[in-house]
Amino acid sequence: QVQLVESGGGLVQAGGSLKLSCAASGLIFRPYCMGWFRQAAGKEREFVAAISWSGGSTNYADSVKGRFTISRDDAKNTVYLQMNSLKPEDTAVYYCAAQNAIGVLTTYSGYAHWGQGTQVSVSS
């Protein structure tokens, strides 16, 4: 079965950086579009970033463009989210998602596989 395990979350001051990792198992990684979503307390889960199966295409939420970078290492079955210039409003549980698909998926309903999430907290 498909398993996604996120790591790298934590507490950081505003303006700081964190790098999240998501290790995938139970699937052939390369054909999968990989995405990151986040859910703040009391809010709906929202799209953050996604990368196509080839790594050639990416998509970002407007709120993180220019600050976050998604990447993948197919040899390690891992997708990353480099987060720079963090703001208090970036505080949320961050989830990794995977879907065998062509293109870059940006909606929650497009993904079949999800990790358990990792907490990111940004203090002001």
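Just the heavy atoms: all of them, side chains too, but no hydrogens, waters or symmetry mates, feed the values below.
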### Message
Within the 4.5 Å heavy-atom criterion, are Val5 and Cys22 side-chain neighbours or not?
### Response
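No, too far: nothing below the 4.5 Å cut-off.
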
### Query
Does a side-chain heavy-atom distance below 4.5 Å link Val120 with Leu20?
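Sidechains of Leu20 and Val120: in contact.
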
### Query
Counting only heavy atoms not in Leu11, do more than 12 sit closer than 6.0 Å to its CG atom?
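Above 12, so yes.
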
Apply salt bridge (Lys or Arg N to Asp or Glu O under 4.0 Å) to [X] and list each qualifying residue two or more places apart in sequence or on a separate chain.
| X | value |
| --- | --- |
| Asp73 | none |
| Glu89 | none |
| Lys65 | Asp62 |

### Query
Among pairs that include at least one residue of residues 102-120, which meet side chain to side chain donor-acceptor pair (under 3.5 Å), considering only residues two or more places apart or in two chains?
Gln119-Ser121

### Message
Evaluate Val12 against Ser123 for side-chain contact (heavy atoms from CB on, under 4.5 Å), listing each step before the verdict.
### Response
CA-CA 6 Å; Val12 64; Ser123 63; over 6 Å; no

### Query
Sequence neighbours excluded, which residues qualify as side-chain hydrogen bond (donor to acceptor under 3.5 Å, both in side chains) partners of Ser54?
Ser52

### Query
With Gln82, which residues qualify under side-chain hydrogen bond (donor to acceptor under 3.5 Å, both in side chains), at least two apart?
Asn84

#### Entry: Intermediate values then yes/no, side-chain contact (heavy atoms from CB on, under 4.5 Å), Met34 and Cys96
CA-CA 7 Å; Met34 302 298 295; Cys96 174; 3.8 Å; yes

### Task
Can you sort out the partners of Ala23 under side-chain contact (heavy atoms from CB on, under 4.5 Å), two or more places apart, ordered by chain and number?
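Checked Ala23 against side-chain contact (heavy atoms from CB on, under 4.5 Å); matches are Thr78.
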
### Query
How would you list, by chain and number, every residue that makes a side-chain contact (heavy atoms from CB on, under 4.5 Å) with Ala112, sequence neighbours excluded?
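Result, side-chain contact (heavy atoms from CB on, under 4.5 Å) vs Ala112: Gln99.
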
### Message
Under the ring-ring contact (aromatic ring centres under 6.0 Å, His included) definition, can you give me all pairs with a residue in residues 45-67, not counting sequence neighbours?
### Response
Phe37-Phe47

### Task
Keeping to residues at least two apart or across chains, list the ring-ring contact (aromatic ring centres under 6.0 Å, His included) pairs with something in residues 67-97.
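Found none.
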
### Evaluation steps, side-chain contact (heavy atoms from CB on, under 4.5 Å), between Leu81 and Val48
CA-CA 10 Å; Leu81 185 68; Val48 175; 4.1 Å; yes

### Query
Donor-acceptor pair, Ser124 side chain versus Pro88 backbone, under 3.5 Å?
no

### Query
Is Val104 linked to Leu4 within one hydrophobic cluster, defined over Ile, Leu, Val, Met, Phe, Trp and Tyr using a side-chain heavy-atom separation of less than 4.5 Å?
no

### Query
What salt bridge (Lys or Arg N to Asp or Glu O under 4.0 Å) pairs are there with at least one residue in residues 16-37, not counting sequence neighbours?
Arg30-Asp74

### Task
For residues 90-119, pull every pair meeting salt bridge (Lys or Arg N to Asp or Glu O under 4.0 Å), keeping only residues two or more places apart or in separate chains.
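For residues 90-119: Arg38-Asp90, Arg67-Asp90.
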
